[in-house]
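Structure record follows, encoded as structure tokens.
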Amino acid sequence: MNNLEQLNRQQQLAVLHGEGPLLILAGAGSGKTRVITHRIARLILEEGVRHWNILAVTFTNKAAREMAERVRFLMGSDDIPLISTFHSACGRILRKDIAALGYESSFVIYDDKDSERLLKDLINNLNLDEKRFPAKAIGARIDDCKNRGLLPDKLSESELWNRRFIEIYAAYQESLRRCNALDFGDLILQTVRLFEHNPDLLAYWQNRFQWLLVDEYQDTNPAQYQLIRLLAGERKNLCVVGDDDQSIYSWRGADIRNILEFEKDFPGVTVIRLEQNYRSTSTILKAAGSVVSRNIGRKVKTLWTENKDGEMIRLVTLENDRLEARFVITEIQALAQQGLDLTQIAVFYRTNAQSRLLEEALTAEGIPYRLVGGVRFYSRMEIKDVLCYLRMLENPADEISVKRIVNVPSRGIGAATLERVSEISVTKQMTLHDAFEYACSSEMLASGTRKKVSAFVELMRGLRVKAATSTLSELVKSVLNDTGYLMRLKESHDPDDAERVENLAQLVSAVEEFSAATPNATLADFLEQVALVSDLDQGGTGANAITLMTLHSAKGLEFDTVFMVGMEDRLFPHIMTFDDRDGMEEERRLCYVGMTRARERLYLLNARRRMVFGMEQTNLPSRFLKEIPKEYICKGTDKRNISSQPHIRPSGTVSSLKSHNLASVTPVADELVIVPEVSDDICENCIGLKVRHAKFGVGTIRKTEGHGDNQKVVVWFSESGPKKLLVRYAGLERV
DNA sequence: TTGAACTCGGTTTTT
DNA sequence: CCGAGTTCAA
């Protein structure tokens with residue numbers, strides 16, 4: 001590898017640094033991933049470090065995958081180090097050594113929904129008022145403690161922590177243990193505990209990972225920091241890379257002091273600054289810099305670039321959120337017409353809820369998109385149900401899963417029976433799972449219920465045999481079929497259920513893909529993957545698609561063209577941060593992160609009115625917009641005839657938005673021309689009407705919901721069954 | 001016990 | 001607007 005000359009002086013220093021701690025302060029787009037990947041490659045190829053002695057930690061799976069990809073490419077080999085998130089790395093460590101903490105290695109990982117369920121049950125069992133102790137808030141507080149490395153025994157009552165909370169927290173930990181389950185926070189914290197209590201194990205892992213690299217270091221929380229310090233041990237071959245201007249996870253316990261105090265904890269640390277930006281146009285970089293420079297609490301630095309000025313930043317105000325979505329879509333169509341690569345276009349928003357409108361519009365126009373995050377595939381009801389069957393098979397102690405699936409699909413085992421069996425499990429000191437078996441072989445249930453319970457227990461036995469003998473994908477199919485789950489959905493007339501069937505098919509292919517990629521993988525491996533790898537690539541992998549995501553998930557990525565939508569006070573900056581200076585500064589950093597993702601073209605959009613909570617809200621433009629110097633901005637006007645809404649038309653008409661081009665955004669003076677929107681109720685009374693859809697063919701309208709632009713119809717198509725469609729976009733024709 | 005019809009409360013960001 | 005929880009009839 002002789003490509004050091006591709007790197008600038010500072011980057012070279014970082015790559016060449018040998019043993020001992022290294023802190024890299026890397027501004028946005030300054031090539032930090034490049035530095036990390038080159039450094040890894042160099043350690044292995046030039047310094048003779050063996051790849052399994054290196055651990056690189058990133059914040060998202062996406063980032064981990066990308067980094068692995070680049071290292072593989074750089075080295076021309078598949079023998080690359082472990083590159084993963086903190087959580088995955090800890091999962092791996094614990095899978096091997098958790099017995100030392102009294103858990104079984106078949107432990108499950110609870111997501112926050114699971115934890116909340118557990119907490120809720122527990123709060124009820126303690127006879128506490130759910131109003132005074134809301135599971136969600138308690139869960140958040142527990143998570144907060146875990147992020148700071150605090151288990152219940154470490155919370156002294158002299159602090160603000162009240163006794164009740166500590167009690168609940170302790171009970172919660174106990175429940176987790178009973179279920180042989182860990183929550184997200186536990187993954188880090190229990191690993192720390194493992195190391196603290198087992199010097200031999202710590203030594204083993206220190207020896208295993210002699211070289212550590214941590215990306216997005218500004219977002220580590222104290223527990224994670226503790227973990228790194230433990231692993232780094234006396235060798236201190238620790239390289240961390242971060243940027244205080246991109247710290248956007250303080251709400252998850254990230255502590256900026258981890259950067260500031262690094263120099264104290266690792267005396268003699270080498271500090272390297274990367275300040276040349278290679279990513280964005282000078283215009284974008286200066287505009288973003290101007291925004292973030294308003295923050296008080298920041299290390300002053302100047303990012304510079306040799307890139308050309310490039311295009312102006314386009315600032316466009318739309319009348320409402322739907323028009324904002326429409327604008328994005330037509331603009332993308334125009335860009336695509338000019339030959340732009342859709343994979344190089346991204347839309348960022350502050351809250352996940354904002355994706356819906358965009359998705360609907362994109363789907364209607366047939367623009368392929370990839371949604372990152374959002375309602376996670378694996379947390380959809382039907383997917384989670386199936387996963388709970390699998391989890392229970394792997395780990396029968398998992399009460400949350402057992403409770404969830406015992407009556408799904410409904411098999412006559414209701415709340416009363418569950419209560420009864422729960423009692424048995426307590427008095428007989430057995431797991432809930434075993435209590436079901438016990439209950440049907442005893443006289444403790446009425447004969448009717450006993451029959452039902454027996455059937456359930458038999459079902460489980462059958463599945464357990466399959467779990468032991470068949471492949472993963474066969475097992476999943478058995479769960480779908482033997483339980484009658486799939487059948488119930490297929491028989492249903494609800495169009496949502498039709499979608500669920502499709503999602504389950506997707507799950508099966510995900511399982512098959514997983515098995516193909518990792519041939520010796522077990523059920524446990526799959527479940528861990530599912531729990532920790534949140535984003536199954538949806539909507540056409542690798543396809544020519546634009547990307548939709550929150551500003552938070554955008555960190556670490558870059559695109560030629562970026563749309564930031566919902567640039568409005570109350571939404572972004574979010575209203576929750578209005579009376580909190582630190583919170584507001586974090587929002588501003590988020591804005592900086594978003595802007596600096598763009599290489600060439602940046603659109604900032606705001607809507608005057610927006611639907612929130614189902615009510616229309618009027619918002620002012622984001623204060624961050626005013627922090628961008630005027631000379632970098634051109635305000636746009638939307639000149640299109642936006643009142644021509646596609647709707648049900650007499651036969652023959654095809655609605656289209658194609659006749660627009662990029663000129664739709666033109667520089668104008670300060671004044672914006674806003675064309676009011678026309679919204680007409682299309683089919684007041686159209687149930688029974690026969691319609692034709694471009695893709696689905698002919699069908700009959702069975703149901704309508706909503707009004708105006710939000711009007712939806714359920715159409716039963718003779719070929720493809722029931723579908724729920726948005727009238728505005730469906731392009732239905734009367735037959 | 002089930003499922004439909006209803007109320008109520010809540011939404012920032014994620015591993 | 002959405003989902004979770006509750007109520008009520010069968």
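Numbered from 1 within each chain, the chains take letters A, B, ... in sequence-line order.
Residue contacts for A:D112: at a heavy-atom cut-off of 4.0 Å it reaches a base atom on one of the strands shown. Nucleic acid contact for A:F86: none, since no nucleic acid atom lies under 4.0 Å from a heavy atom of the residue. Contacts of A:S553 with the nucleic acid, taken as non-hydrogen atoms under 4.0 Å apart, involve only primed sugar atoms and P, OP1 or OP2.
The separation between A:E528 atom CD and B:dT15 atom P is 15 Å, rounded to whole Å. The nearest whole Å value for the distance from the NZ atom in A:K136 to the C1' atom in B:dC8 is 14 Å. Spacing between atom CD of A:Q354 and atom P of B:dT13 amounts to 9 Å, rounded to whole angstrom units. Between A:L551 atom CG and B:dT13 atom P there is a gap of 11 Å when expressed in whole angstrom units. If you measure from atom CE of A:M615 to atom C1' of B:dC8, you get 15 Å, rounded to the nearest angstrom. Residue A:R488 contributes atom CZ, which lies 12 Å from atom C1' of B:dG3 at whole-angstrom precision. Separating the CZ atom of A:F59 from the P atom of B:dT13 is a distance of 18 Å, rounded to the nearest angstrom. Between the CG atom of A:D183 and the P atom of B:dT15 there is a distance of 15 Å, rounded to whole Å.
Figure legend: cation-pi geometry between A:R95 and A:F107, with NZ or CZ positioned under 6.0 Å from the six-membered ring centre and within 45° of its axis. Relative to the ring axis of A:Y592, A:R588 does not place its NZ or CZ within 45° and under 6.0 Å from the centre.
In terms of phosphate contacts, A:T417 brings a side-chain nitrogen or oxygen within less than 4.0 Å of OP1 or OP2 of B:dT1. Taking side-chain N and O atoms only, A:N407 has no distance below 4.0 Å to OP1 or OP2 of B:dT1. In terms of phosphate contacts, A:N61 brings no side-chain nitrogen or oxygen within less than 4.0 Å of OP1 or OP2 of B:dT14. The shortest distance between the side-chain N/O atoms of A:T60 and the OP1/OP2 oxygens of B:dT14 is not below 4.0 Å.
A donor and an acceptor atom, one from each side chain of A:E568 and A:S622, are nowhere located under 3.5 Å apart. With 3.5 Å as the limit, one finds a donor-acceptor pair spanning the side chains of A:R193 and A:Q190. Checked by atom type, the side-chain pair A:Y249/A:T220 shows no donor-acceptor distance below 3.5 Å. Side-chain atoms of A:D255 and A:Y225 form no donor-acceptor pair, as typed in the model, at a separation below 3.5 Å. Donor-acceptor pairing under 3.5 Å is lacking for the side chains of A:D243 and A:Y217.
Remark on DNA chain B: of its neighbouring residues A:I413 and A:Y249, the 5'-side contact belongs to A:I413, judged by nearest-heavy-atom nucleotide.
Of all the residues in residues 570-590 of chain A, not one reaches under 4.0 Å from DNA chain C with any non-hydrogen atom.
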Item checked: Trace of the side-chain hydrogen bond (donor to acceptor under 3.5 Å, both in side chains) decision for A:S422 with A:E419 -> CA-CA 5 Å; A:S422 279; A:E419 182 60 30; 5.4 Å; no
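Within the model, atoms CG of A:L318 and CZ of A:R608 stand 9.5 Å from one another, a figure rounded to the nearest 0.5 Å.
Taking only side-chain atoms of A:R356, from C-beta outward, the nucleotide of B:dT15, B:dT13, C:dC1 with the closest atom is C:dC1. The side chain of A:H552 lies closest to B:dT14 when the candidates are B:dT14, B:dT2, B:dT15.
C:dA4 sits 23 Å from B:dT13 when the C1' atoms are compared, rounded to a whole Å.
With A:H552 as the fixed residue, the ring pair (Phe, Tyr, Trp, His ring centres under 6.0 Å) test singles out one of A:F59, A:W251, A:F348: A:W251.
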Under 3.5 Å, which protein N or O atoms sit close to an N or O of nucleotides 3-7 of chain C? Give each pair with its distance.
{"residue": "C:dG5", "atom": "OP1", "partner": "A:K120", "partner atom": "NZ", "Å": "2.9"}

